[in-house]
Amino acid sequence: MSSRTSLSRFLIEQTRSHQTPAELRFLIEVVARACKMINHQVSKGALGGVLGSLTSENIQGEIQKKLDVLSNEILLEANEWGGHLAAMASEEMDEPYQIPGCFPKGSYLLVFDPLDGSSNIDVNVSVGTIFSVLTCPEREDICGDLADDAFLQSGSKQVAAGYAIYGPQTMLVLTLGNGVKGFTLDTELGSFILTHDNMQIPEQTAEFALNMSNERHWQPPVKRYVDEMRAGEEGPLGKNYNMRWIAAMVTDVHRILVRGGIFMYPWDKREPDKPGKLRLMYEANPMAMIVEQAGGAATNGYERIMDIEPSTLHERVAVYMGSKEEVERITQYHLEWAPENPDLIK
Ligand code: AFP
């Protein structure tokens with residue numbers, strides 16, 4: 001491909017080679033356009049009156065930022081009229097969003113976290129948008145509303161996944177099931193240009209991403225692994241590790257895609273009834289598809305994240321993803337610990 005392949009050209013060539021249906025190509029282009037609009041709002045900051053929080057809470061009980069709601073609205077308005085979607089679901093909405101009756105419905109479901117890492121917004125640290133694409137199950141009443149159960153598909157059923165990262169550069173990282181591509185926004189042209197043709201995660205790493213302030217709440221396998229990394233070259237892993245934590249999954253996972261690492265958000269006893277903080281359908285699953293397509297691994301400590309059969313739309317999950325060797329190690333530590341502690345498996 002030429003050095004200046006745009007997202008549109010990439011997608012058209014995917015369709016021409018029969019790898020990507022035209023309807024899915026259109027979906028990705030609409031989402032990319034919406035991400036450019038979100039980027040425009042994010043970059044305004046205080047000048048746009050978009051910083052700060054609302055008084056409302058999302059279904060997670062989290063206070064919504066103004067940009068959370070605005071980003072959600074941008075994605076809904078950009079996607080509702082095109083005829084490519086049967087419905088949408090979002091971290092910011094309790095129920096699925098039904099396509100208004102005046103618009104045709106399509107064969108895909110779009111699930112997203114419109115603004116991941118929004119706690120970073122007010123302090124000018126990178127944030128992003130995460131999206132996942134599923135095929136809508138066959139149904140008799142094609143005009144009727146879609147309930148949660150249409151979305152409850154394992155991550156292995158995703159037909160596409162991606163994220164936008166609003167940082168020093170604005171990028172769109174995308175997988176259609178045959179590798180991971182990174183596109184950088186040319187702000188003068190307003191086009192996403194292919195800059196990372198085949199993103200691959202190194203199998204080995206010496207860098208981990210984790211919120212260490214939660215250490216006292218973790219289970220033994222996590223404590224064992226983190227202690228071994230902190231022991232450095234004198235310890236059992238025989239090398240020194242570095243730590244990074246930006247507190248926006250998109251930015252931490254993007255760094256791992258570019259230079260390796262392991263991202264972790266374990267279960268912890270602050271909310272013992274929840275398997276983790278991060279959400280399966282619109283954070284863990286799309287990022288797991290991208291990580292696996294880039295040669296990495298993604299588990300909940302016990303099984304592939306993408307094998308988990310969801311039971312609710314907003315369910316949470318523990319997350320370990322990134323360089324394959326490290327993810328396999330911490331997963332092995334959980335599997336060794338589990339038989340003696342069956343009631344503690346999350
Ligand atoms: P916010 O969207 O509320 O900022 O949460 C971001 C996030 O869901 C994920 O993107 C981060 O990796 C993780 O939470 C950070 O969690 P902590 O703030 O507990 O470190």
Side-chain angles (χ1 to χ4, degrees), residues 35 38 41-42 45 50-72 75 89-93 111-132 161-167 171 173 207-218 222 226 243-257 261-272 274-288 290-291 296 298-301 305 313-322 327:
C35 290
I38 293 170
Q41 292 300 328
V42 167
V50 293
L51 299 185
S53 300
L54 301 168
T55 54
S56 57
E57 288 184 357
N58 63 18
I59 189 165
Q60 331 286 342
E62 299 162 337
I63 291 289
Q64 292 177 303
K65 297 284 189 184
K66 290 177 186 173
L67 272 171
D68 281 324
V69 174
L70 180 57
S71 303
N72 193 63
L75 280 159
S90 160
E91 178 185 77
E92 303 305 330
M93 301 184 299
V111 195
F112 50 84
D113 178 357
L115 201 68
D116 173 61
S118 49
S119 321
N120 287 342
I121 279 288
D122 295 352
V123 294
N124 196 16
V125 173
S126 301
V127 292
T129 297
I130 307 173
F131 64 91
S132 168
Y163 61 83
I165 179 169
Y166 313 117
M171 284 191 69
V173 174
E207 192 162 73
F208 65 94
L210 179 65
N211 184 337
M212 289 297 295
S213 69
N214 300 327
E215 184 173 22
R216 64 190 182 283
H217 305 305
W218 298 332
V222 182
V226 174
M243 195 202 94
R244 285 283 183 276
W245 186 249
I246 305 175
M249 185 184 197
V250 170
T251 55
D252 283 309
V253 174
H254 183 74
R255 183 191 58 252
I256 288 165
L257 263 175
I262 178 169
F263 173 92
M264 297 178 275
Y265 212 110
W267 169 92
D268 71 53
K269 62 183 181 216
R270 289 175 296 172
E271 296 192 275
K274 293 177 182 172
K277 171 180 184 182
L278 302 184
R279 277 62 57 148
L280 176 62
M281 297 302 295
Y282 38 79
E283 289 176 326
N285 269 341
M287 297 310 251
I290 291 167
V291 162
T299 76
N300 66 351
I305 282 175
L313 184 59
H314 297 285
E315 78 179 61
R316 298 164 182 262
V317 66
V319 175
Y320 307 91
M321 59 170 65
V327 174

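Indexing begins at 1, ligand by ligand and atom by atom, following the structure's order. In this text the structure is predicted, and so the values were computed from the model without any measurement.
- Between Glu271 and Arg316 there is no salt bridge, since no side-chain nitrogen of the basic residue lies less than 4.0 Å from a carboxylate oxygen of the acidic one.
- Counting protein heavy atoms only, atom 19 (O) of ligand 1 is closest to Tyr265 OH, 2.6 Å.
- Contact atoms of ligand 1 toward Phe263: 12 (O) (distance under 4.0 Å to a heavy atom of the residue).
- For Asn120 (side chain) and Val127 (main-chain N/O), no donor-acceptor pair under 3.5 Å exists by modelled atom type.
- Residue Lys277 holds the heavy atom nearest to atom 18 (O) of ligand 1 of all those in Met287, Glu283, Lys277.
- Which parts of ligand 1 touch Asn211 is read off a 4.0 Å heavy-atom cut-off, strictly below it: atoms 17 (P), 19 (O), 20 (O).
- In the vicinity of Trp245, heavy-atom distances shorter than 4.0 Å reach the ligand 1 atoms 12 (O), 15 (C), 20 (O).
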Decide yes or no on side chain to side chain contact (heavy atoms under 4.5 Å, CB included) for Val250 and Tyr166, but give the supporting numbers first. CA-CA 9 Å; Val250 170; Tyr166 313 117; over 6 Å; no
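- Interface atoms of ligand 1 facing Arg279, defined by a heavy-atom separation under 4.0 Å, are 8 (O).
- Residue-ligand proximity, Met249 to ligand 1, at heavy-atom distances under 4.0 Å covers atoms 9 (C), 10 (O), 11 (C), 12 (O).
- Using a 4.0 Å cut-off to heavy atoms of Ser119, the atoms of ligand 1 that qualify are 1 (P), 3 (O), 4 (O).
- Here's the thing with Gly117: one of its N/O atoms is less than 3.5 angstrom from an N/O atom of ligand 1.
- In summary, the side chains of Asn285 and Ser132 do not present any donor paired with an acceptor at a separation below 3.5 Å, with no hydrogens or angles considered.
- Test Glu91, His314, Glu315 against Arg279 for side chain to side chain donor-acceptor pair (under 3.5 Å) and you get one pass: Glu91.
- Within 6.0 Å of atom CZ in Arg216, 12 or fewer heavy atoms from other residues, nucleotides or ligands are found, so the atom counts as exposed in its surroundings.
- Between the side chain of Thr129 and the backbone N or O of Leu115, no donor-acceptor pair lies under 3.5 Å.
- Contact annotation for Asp252 and ligand 1: no heavy atom of the residue comes within less than 4.0 Å of the ligand.
- In Ser118, the parts holding a heavy atom less than 4.0 Å from any atom of ligand 1 are both the side chain and the backbone.
- By the neighbour-count criterion of 12 heavy atoms within 6.0 Å, atom CG of Asn211 is densely surrounded, having more than that number from other residues, nucleotides or ligands.
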